[in-house]
Every structure is written in C-alpha cells, then in structure tokens.
Q: 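I have a structure I would like to understand better, so I am pasting it below and will then ask my questions one at a time.
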Amino acid sequence: MQKSNTHNEKSSMLLPVAKALGTAVVAGTVLAAIFCFAALRFDDPEKVSAIFAYIALAAAAFVGGYLASKMYGEKGVLCGLTVGLSLAALMILLCFAFSLPVSPLAYAISAVGAVGFSMLGGKFAEKSCGKRKRPKKRR
C-alpha cells in the first residue's frame, strides 16, 4: 500500500505544522549551539552573537516552513505562515517563562523574520513538489 504525500479532505494542517515546528526548534537549537562555539573563536563574541542568532532563526524557520509544506502536500505559503507564527509565539512564551528581557524592536525583527523565512520555505517546497519531467524513452 503506497501512501500519498497529499492530504485528503478530512486531514488538517495541524499535525504537519506541529511536526515541522518541532523539527525547526531542534534545528534552531543545534544551529545556535554550533554558532555559539563558532563565536568563541572571535575576540569579542558578543558582537557576532546577535547576527548568529538571527541566522539560526532564519534557517530554522525556513526548514520548518519547507517541511510543513512537504508533509501537507500543498498550500505552502499557508503552512509556512502557520509555522512562522507558531515560532514567533513560542519565542515570546519562552522569554516570559524564563523572565528574559525582550526588546520590542528585536522581537519584532525576529518575528517578522521567522514568518517571512518560513513562508519562503513553504513556497520553495510548493514549487519543488511539482511533477518532474521524465526523460523520453528511446526506442
């Protein structure tokens, strides 16, 4: 029995988005750890830490949007938007949970970046989901 990559009429987008969000969080955490060790090579790691954090967030959001769109099968921008908004909400919830000070400007940049890159990932997955051309058979 072969499983289809597209959704049926009864399925929701919730499960693919949740799986993609979990994967994006893990990917972002791994990238942040790698970038932390890379920042230690610099003379002043605090100068590059914000840049590395934004890069890790953008990559994680892109991966989340891409995976959600691939798992759902269609509506890549909507899948990416959902993952991006979930990432933005998760960021602010974690900041409140750990009582971290958050600059409104930094959060706005992060939230818009997360939503934008996840929508871009969803759109990219939507384009790559198309039917591939098969080579012509030679007779």
Side-chain angles (χ1 to χ4, degrees):
M1 186 171 174
Q2 186 178 6
K3 287 188 177 180
S4 174
N5 194 21
T6 59
H7 72 288
N8 58 16
E9 298 299 325
K10 297 177 185 175
S11 72
S12 71
M13 193 185 315
L14 184 63
L15 186 61
V17 166
K19 286 180 182 179
L21 181 65
T23 305
V25 168
V26 170
T29 304
V30 169
L31 280 173
I34 290 170
F35 287 154
C36 283
F37 287 116
L40 292 175
R41 299 281 183 184
F42 291 95
D43 293 332
D44 192 9
E46 288 184 20
K47 287 184 179 178
V48 294
S49 64
I51 296 169
F52 283 164
Y54 287 131
I55 292 171
L57 175 64
F62 185 86
V63 166
Y66 184 85
L67 289 177
S69 179
K70 280 289 196 184
M71 283 188 265
Y72 191 63
E74 58 185 39
K75 298 182 183 180
V77 175
L78 184 61
C79 288
L81 177 69
T82 309
V83 170
L85 290 174
S86 301
L87 270 175
L90 185 64
M91 283 188 302
I92 199 69
L93 287 174
L94 286 175
C95 287
F96 285 144
F98 293 112
S99 300
L100 299 173
V102 179
S103 164
L105 179 63
Y107 177 72
I109 291 170
S110 299
V112 169
V115 171
F117 275 100
S118 63
M119 286 173 62
L120 186 67
K123 186 68 176 171
F124 186 75
E126 191 177 73
K127 285 184 179 180
S128 67
C129 279
K131 295 180 181 177
R132 296 184 182 183
K133 295 180 182 178
R134 293 183 182 177
K136 294 182 181 179
K137 293 181 182 179
R138 295 184 184 178
R139 292 182 185 211

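Reckoned from all heavy atoms, side chains included, excluding hydrogens, waters and symmetry mates.
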Q: Please output the side-chain donor-acceptor pairs of residues 29-43 that fall under 3.5 Å, not counting sequence neighbours, one pair per line with the distance.
A:
unit_1, atom_1, unit_2, atom_2, d
Thr29, OG1, Val25, O, 2.7

Q: Same hydrophobic cluster for Val48 and Ile55, using side-chain heavy-atom links shorter than 4.5 Å among ILVMFWY?
A: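 Val48 and Ile55: one cluster.
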Q: Could you pull out the closest heavy-atom pair between Ala125 and Lys70, with the gap in Å?
A: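 Result for this residue pair: CB-CG, 4.0 Å.
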Q: Please set out all donor-acceptor pairs under 3.5 angstrom arising from side-chain atoms of residues 58-65, sequence neighbours excluded.
A:
none

Q: Are Met91 and Leu87 connected into the same hydrophobic cluster when the rule is that any two of I, L, V, M, F, W, Y join if their side-chain heavy atoms are below 4.5 Å apart?
A: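 Different hydrophobic clusters.
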Q: To the nearest 0.5 Å, what is the distance between OG (Ser86) and CG (Leu81)?
A: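 Those atoms lie 9.0 Å apart.
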Q: Let me check something: do Leu100 and Leu57 share a hydrophobic cluster, defined by ILVMFWY side-chain heavy atoms less than 4.5 Å apart, either directly or through other members?
A: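 Looking at the clustering, Leu57 is in a separate group from Leu100.
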Q: Which pairs would a plain distance check flag for residues 104-121, meaning a side-chain donor or acceptor within less than 3.5 Å of a matching protein atom at least two apart in sequence or in another chain?
A:
unit_1, atom_1, unit_2, atom_2, d
Tyr107, OH, Ala88, O, 2.8
Ser110, OG, Ala106, O, 2.9
Ser118, OG, Gly80, O, 2.6
Ser118, OG, Gly84, N, 3.2
Ser118, OG, Ala114, O, 2.9
Ser118, OG, Val115, O, 3.0

Q: What are the two closest heavy atoms between Thr82 and Met13, and how far apart are they?
A: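 What the structure gives for the nearest pair is OG1-SD, 4.0 Å.
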Q: So which heavy atom on Leu21 is nearest to which on Val83, and how close?
A: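 Nearest pair, atom of Leu21 first, then Val83: CD1-O, 4.2 Å.
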